[in-house]
Amino acid sequence: MSGAERSDRLAAGHTVTVEDIRELTGGATPHFGLQIRDRVTRLIAGLPPDHPARIEGERAIGRLEQIALEGQTEGHVQEYELPLPSLRLDPKHEA
């Protein structure tokens with residue numbers, strides 16, 4: 001995924017909608033959370049503070065930042081899953 005936005009969303013005369021924001025952020029994963037956040041930021045930059053798409057965009061930005069942070073720093077192991085072994089070398093077996 002690149003940081004580029006669809007050209008039709010950025011075209012002159014296009015009115016950013018709540019649906020644009022939801023379409024862009026709906027399937028966001030931690031891996032792409034910050035890239036999508038940047039795309040939403042560009043989309044809502046020129047909107048007034050009370051515009052529905054800006055309000056939805058700011059809400060989405062908060063959620064994207066949260067999932068990006070949690071996805072990068074926290075490992076969640078379900079009770080039925082076994083944790084993966086560490087990639088660190090055992091000091092006794094270093095080459």
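Note that the structure is a prediction, hence the values are computed from the model and not measured. Note: hydrogens, waters and symmetry copies are ignored here, and every other heavy atom, side chains too, is used.
Every residue meeting the side chain to side chain donor-acceptor pair (under 3.5 Å) condition with R59, not counting sequence neighbours, appears here in chain and number order: E56. By the side chain to side chain contact (heavy atoms under 4.5 Å, CB included) test, L47 pairs with V16, I44, H51, A53, R54, sequence neighbours left out. Residues meeting the side chain to side chain donor-acceptor pair (under 3.5 Å) test with T17, sequence neighbours left out: D20.
Interatomic distance, L24 CG to R37 CZ, rounded to the nearest 0.5 Å: 13.0 Å. Atom CG of L64 and atom CG of D38 lie 9.5 Å apart (nearest 0.5 Å). A distance of 14.0 Å separates CD1 in I61 from CD in Q66, rounded to the nearest 0.5 Å. A distance of 12.0 Å separates NE2 of H31 from CD1 of I67, quoted to the nearest 0.5 Å.
In this structure, the side chain of R63 engages the main chain of T25 through a donor-acceptor pair within 3.5 Å.
Under a hydrophobic clustering in which Ile, Leu, Val, Met, Phe, Trp and Tyr are joined whenever their side-chain heavy atoms come within less than 4.5 Å, directly or via other members, I55 and V18 fall into different clusters.
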